[in-house]
A.B. asks: 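Just dropping this structure here.
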Protein chains: 2
Amino acid sequence: MMKRQYPTLAEVAKVAGVSLMTASRAINNRPGVSPEKREDILRIADEMGYVVNRAAQKLTGARTRIIAVVAELHTPFTSDLLLGMGAVARAADYEMLVYSLPVRDRRPPGSILDLLRQIVDGVIVILPYESDYLESMATAHIPVVTIEQGTESVFPSVTADNYQGGLSALQHLIELGHRRIAFISGHDRLTSARDRRRAYHDILAQARLPYDPDLEVDGDFSRKGGFEAAQKLLALADRPTAIFAANDISAYGAIAAIREAGLSVPGDISVVGFDDIPIASQLHPQLTTIRQPLQQMARASVNLLLALVAGLDAPSEQIVLPTQLIVRESTTALKAKRKKEEAVKVGVGR
Amino acid sequence: MMKRQYPTLAEVAKVAGVSLMTASRAINNRPGVSPEKREDILRIADEMGYVVNRAAQKLTGARTRIIAVVAELHTPFTSDLLLGMGAVARAADYEMLVYSLPVRDRRPPGSILDLLRQIVDGVIVILPYESDYLESMATAHIPVVTIEQGTESVFPSVTADNYQGGLSALQHLIELGHRRIAFISGHDRLTSARDRRRAYHDILAQARLPYDPDLEVDGDFSRKGGFEAAQKLLALADRPTAIFAANDISAYGAIAAIREAGLSVPGDISVVGFDDIPIASQLHPQLTTIRQPLQQMARASVNLLLALVAGLDAPSEQIVLPTQLIVRESTTALKAKRKKEEAVKVGVGR
DNA sequence: CGGCCGAACGTTAGCGCTAACGTTCTGTAG
DNA sequence: CTACAGAACGTTAGCGCTAACGTTCGGCCG
């Protein structure tokens, strides 16, 4: 269908009165062409509306200057991450394509890499959860960088420091005087959720606070989950004075439950989230949370990938980027009176 | 780099003891091969891990069974739309790639189509606003379907019926007895925003309600814009009893402002949004709104595109899909007393 | 002034595939 | 028994490009 619309390199070369190869060199900015001729060719190519055919390019084994990102599109941050990656890629004169992974697809899309490697030079895989098919990807002979795969990844990876972020969030609550701190967890399927939970356990130990299994409730990373988890926490005889929710969404669910119970945030209960989703600074109360370094993750992953593409044998690097505590309205110091009570009851931390 | 890892068709053919072309026919499910041989070849190809090289395929002018979607990734619904499109495409044995348009990029990405046509069989363009570069796309010789481009599109297009949706929303308010209805608008840059505004003007005329310019305030499609718009409306001497916000986000902004002013929704003021974003059914109050037929839009656009790809000369079809009024908690009938007052003041509508 | 070197170009082969046309062979009509 | 149609296969050319070699030619050295 519709042929002969775009000129080929051969046609450009003919018009320019040079050989095909000279035109190729000129266009790909390679040595072996005199400056005048190069300029000539480029001008003519432009006038003729020449566009390289990447399919042909790829077929010969050359780079196409396209990268791909494989991601579950509606996961909280993917769109921000992708936007960042696109910008970084474009700045490096690369184009970026996205493959949208079907939601919770059971089938390994290892074949997706088989497809992509025929088109692009490298792939970034955003897989928030551990997956069997990561291994199936190892056989696809194309540079791969993973995001959010934790430190066990076979590929070079970039990830936010979920563990340190969790520590900061909890440290913040402890500094505000809280001793009875609950944790609303996410799916353990997610590497990030596990790291945040680990931070919770470790900080208790570190601050010499007792671990109460009643204070750890599953929140499913969802608003509903957070809501129900908070209800369970509020029903406890000795309810917590602060809650660390594994993500912002469930934090807001918890806040809704707390308010519905006639209590206030942060007056009665302080709440810290994780992620710093955009509305965290707009919804009331503005949420104290942990910000993920999305822009840095985007930049790091693309740069890492491009290095691999360029053949720089970057060792299987694991880049972990720092998170940041953002203090807003949803947390406050434990009231003096209750603080004293707590101190008596629990014993003074560290 | 890394060559000779995947077998080529020629190798498969050799192992199967047939010619290259016979193997090609077998794999592409074309006539001219005996059933036994076909089965044989397919089995061997599978065992050898053969994967068609789409770059080579495309180079010969054949279909690659890949489509692309060009979209601004973080626009409200794109992710839902894309998910739906991906599912439909996969069901038709097509793969789908996404090109993430830089946010409010001034540069025409017409060149993007030049890139994509070398790789895919057709493109869906999601452009919520009118754009000059749509025309620049007309020259790319590849099937294109647009979404949300309104009826002036040069390409076959699929869109939600924003006008009818606006009418339903306002009709709902009128049926509840409201006469003094405000409109919080979006950017006029967006086709959808313009259609919703038009519905507002038309319904006033239709219901013989007076048009009061004070009741039409820009809300920018954002939470903040909705918040500020509502503040202006509340400051009016004769404030509205109902608000139609051009999208859910600004509706929630408006609700926040109303509550901050010590009024209740829907007790004092009813609010209708547009879009039915996921949290509209979760946030308090659950929002009465207009649902966009995203799944249908996804299905229609992909099917339309695949028809074009198949060469069926679908005329430049403009598909407009119906929206749906979802009544939840944010609207209620105007209180009898006030209703009477209003009736006297304004005159009875239609 | 011959020889040699390197920059500037050209030619050839082939990436993996398919369209288009050849070839072979079997069955059947005349 | 010949002719011939049609299914089942094979061969050839070429899609647009680049790697890997040729070729040419001006300049510089001994």
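The model shown is predicted, which means the values in this text are computed figures rather than measured ones. Chain identifiers are assigned alphabetically (A, B, ...) following the order of the sequence lines, protein sequences preceding nucleic acid strands; residue numbering begins at 1 within each chain.
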A.B. asks: B/Gln318 and B/Ser157: side-chain donor and acceptor closer than 3.5 Å?
C.D. replies: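 Yes, because at least one side-chain N or O of B/Gln318 sits under 3.5 Å from a partner of the opposite role on B/Ser157.
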
A.B. asks: Please check the phosphate of D/dC15 (OP1 and OP2 only) for any side-chain N or O of A/Asn53 closer than 4.0 Å.
C.D. replies: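 For D/dC15, neither OP1 nor OP2 has a side-chain N or O of A/Asn53 closer than 4.0 Å.
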
A.B. asks: Rounding to an integer number of Å, can you tell me how far B/Tyr6 OH sits from C/dC17 P?
C.D. replies: 13 Å

A.B. asks: Closest to the B/Thr60 side chain: C/dG10, D/dC15, D/dC9?
C.D. replies: D/dC15

A.B. asks: Are any of B/Tyr50's side-chain N or O atoms less than 4.0 Å away from OP1 or OP2 of C/dC17?
C.D. replies: yes

A.B. asks: What nucleotide among D/dG10, C/dC9, D/dG16 has an atom nearest to a side-chain atom of B/Val18?
C.D. replies: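 Output: D/dG10.
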
A.B. asks: Respond yes when some side-chain nitrogen or oxygen of A/Gln57 is under 4.0 Å from OP1 or OP2 of D/dG16, and no when none is.
C.D. replies: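 It does not, given that no N or O in the side chain of A/Gln57 lies less than 4.0 Å from OP1 or OP2 of D/dG16.
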
A.B. asks: Is it the case that A/Glu11 and A/Tyr50 place a side-chain donor and acceptor less than 3.5 Å from each other?
C.D. replies: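 Note: A/Glu11 and A/Tyr50 side chains miss the donor-acceptor criterion.
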
A.B. asks: I need the CD-C1' distance between B/Glu36 and D/dA8, as an integer number of Å.
C.D. replies: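 It works out to 11 Å between those atoms.
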
A.B. asks: Measure CZ/B/Arg63 against C1'/C/dC17 and give the value in whole Å, please.
C.D. replies: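 Roughly 16 Å, once rounded to whole Å.
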
A.B. asks: Closest nucleotide of DNA chain C for A/Ala56 versus for A/Gly17: which of these residues is on the 5' side?
C.D. replies: A/Gly17

A.B. asks: Starting at atom NZ of B/Lys37, determine the distance to atom C1' of D/dA7, rounded to an integer number of angstrom.
C.D. replies: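 Distance check: B/Lys37 NZ to D/dA7 C1' gives 13 Å.
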
A.B. asks: Figure out the CD1/P separation between A/Ile41 and C/dA8, and round it to whole Å.
C.D. replies: 12 Å

A.B. asks: Starting from P on D/dC15, measure out to CG on A/Leu9 and report it in whole angstrom.
C.D. replies: 13 Å

A.B. asks: Report yes or no: is there a donor-acceptor pair, N or O only, under 3.5 Å between the side chain of B/Arg54 and the base of C/dG16?
C.D. replies: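 Result: no qualifying N/O pair found.
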
A.B. asks: What's B/Arg30 touching, base or sugar-phosphate or nothing? Going by heavy atoms closer than 4.0 Å.
C.D. replies: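 B/Arg30: backbone/sugar contact only, no base atoms under 4.0 Å.
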
A.B. asks: Within the structure, does a side-chain N or O atom of A/Thr22 lie under 4.0 Å from either OP1 or OP2 of C/dA8?
C.D. replies: no

A.B. asks: Is A/Glu47 salt-bridged to A/Arg43, going by a charged N under 4.0 Å from an acidic O?
C.D. replies: yes

A.B. asks: Any Lys/Arg nitrogen of A/Arg65 or A/Asp121 sitting under 4.0 Å from an Asp/Glu carboxylate oxygen of the other?
C.D. replies: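 Salt bridge: no.
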
A.B. asks: Does a side-chain N or O from B/Ser19 land closer than 4.0 Å to OP1 or OP2 of D/dT11, or not?
C.D. replies: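 Checking B/Ser19 against D/dT11: no side-chain N or O falls below 4.0 Å of OP1 or OP2.
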
A.B. asks: Measure CD1/B/Ile119 against P/D/dC17 and give the value in whole Å, please.
C.D. replies: 14 Å

A.B. asks: Within this structure, what is the NZ-to-C1' distance between A/Lys58 and C/dG14, rounded to whole angstrom?
C.D. replies: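 Value for this atom pair: 17 Å.
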
A.B. asks: Here's a test of your reading of the structure: between B/Arg25 and A/Ala23, which maps to the more 5' nucleotide of DNA chain C?
C.D. replies: A/Ala23

A.B. asks: For A/Asp114 and B/Tyr6, test the side chains for any donor-to-acceptor distance below 3.5 angstrom and give the result as yes or no.
C.D. replies: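 Yes, a side-chain donor-acceptor pair sits under 3.5 Å.
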
A.B. asks: Side chain of B/Met21 only, heavy atoms from C-beta on: which candidate in D/dT18, D/dA8, D/dT11 is closest?
C.D. replies: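 Taking heavy atoms from C-beta onward, the closest nucleotide is D/dT11.
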
